[in-house]
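Beneath this line is the structure, given in structure tokens, with notes to follow.
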Amino acid sequence: MASAALAAEHRSKAPTTPAPTALTTLTTLPKKPLPAGRPREWYVSHNRRLKAMRLAIALLDTGVHRPEQASDRRIRTTAEQIGVRPPSRATCDMVRSLIRHGDR
């Protein structure tokens with residue numbers, strides 16, 4: 001009887017937080033400042049490439065290995081899950097391009 005009470009007490013103290021998913025446990029490298037003096041277009045394209053790379057890695061981690069599997073909707077859902085702003089159509093195209101050329 002006492003062991004049942006102890007077991008019930010132990011279960012009630014267990015944390016109730018859900019287990020983290022594969023996408024929420026991704027670790028990122030520390031950010032470095034970008035070089036100064038470049039044209040604005042360079043910074044825009046650089047940040048787009050970084051975002052596309054993050055999304056491509058997250059999709060590969062979830063089992064998306066072919067560009068046909070990476071619809072705009074799936075890419076945007078993945079962006080939401082990893083805490084990235086919704087990507088534009090151009091960024092989605094770049095993600096598919098990275099996935100396509102990554103298997104060579």
Side-chain angles (χ1 to χ4, degrees):
M1 181 75 170
S3 63
L6 286 174
E9 183 181 328
H10 180 67
R11 279 192 302 263
S12 66
K13 291 183 180 179
T16 58
T17 57
T21 62
L23 294 180
T24 59
T25 59
L26 293 175
T27 58
T28 58
L29 296 172
K31 292 185 178 183
K32 296 186 231 175
L34 294 176
R38 306 267 175 123
R40 185 177 191 284
E41 295 80 28
W42 183 90
Y43 297 104
V44 171
S45 67
H46 176 77
N47 288 331
R48 185 183 309 269
R49 287 190 306 265
L50 289 177
K51 184 181 208 174
M53 183 64 74
R54 281 189 209 102
L55 288 168
I57 291 168
L59 286 166
L60 290 169
D61 286 345
T62 60
V64 175
H65 297 286
R66 292 192 325 257
E68 309 86 56
Q69 297 173 317
S71 65
D72 285 358
R73 180 182 217 163
R74 189 164 197 177
I75 293 171
R76 289 187 175 115
T77 301
T78 303
E80 184 179 317
Q81 290 173 342
I82 65 172
V84 175
R85 289 179 52 116
S88 66
R89 173 64 195 238
T91 304
C92 291
D93 290 340
M94 191 177 289
V95 169
R96 281 187 287 276
S97 176
L98 287 169
I99 293 172
R100 180 178 305 113
H101 294 293
D103 58 339
R104 288 187 179 181

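Since we're looking at a predicted model, the values are computed, not measured.
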ILVMFWY network linking V84 to V95, side-chain heavy atoms under 4.5 angstrom: yes

I57 and L98: side chain to side chain contact (heavy atoms under 4.5 Å, CB included), yes or no, with the steps? CA-CA 9 Å; I57 291 168; L98 287 169; over 6 Å; no

Residues that L50 engages under side-chain contact (heavy atoms from CB on, under 4.5 Å), provided they are two or more places apart: H46, N47, R54

Give a yes or no on this: more than 12 heavy atoms of other residues, nucleotides or ligands lie within 6.0 Å of atom CD of E80. no

Separation of M53 CE from L55 CG (nearest 0.5 Å): 11.0 Å

Quick one: salt bridge (Lys or Arg N to Asp or Glu O under 4.0 Å) partners of R89, sequence neighbours excluded? D72, D93

Is the shortest side-chain heavy-atom distance between P87 and R76 below 4.5 Å? yes

Just to verify, what does R73 make a side-chain contact (heavy atoms from CB on, under 4.5 Å) with, not counting sequence neighbours? S71, T77

Considering residues at least two apart in sequence or located in another chain, which fulfil the side chain to side chain donor-acceptor pair (under 3.5 Å) criterion with R74? none

Got a sec, which hydrophobics cluster with W42, joining ILVMFWY side chains under 4.5 Å apart, including via others? L34, Y43

Under the side-chain contact (heavy atoms from CB on, under 4.5 Å) test, residues paired with S45 that sit two or more places apart: R49

Determine the minimum heavy-atom distance between R100 and P67, stating which atoms define it. CB-CG, 3.6 Å

Whether K51 side chain and R85 backbone form a donor-acceptor pair below 3.5 Å: yes

Residue set satisfying salt bridge (Lys or Arg N to Asp or Glu O under 4.0 Å) with E41, at least two apart, ordered chain then number -> none

By side-chain contact (heavy atoms from CB on, under 4.5 Å), A70 pairs with (sequence neighbours left out) L59, V64, I75, R96, I99

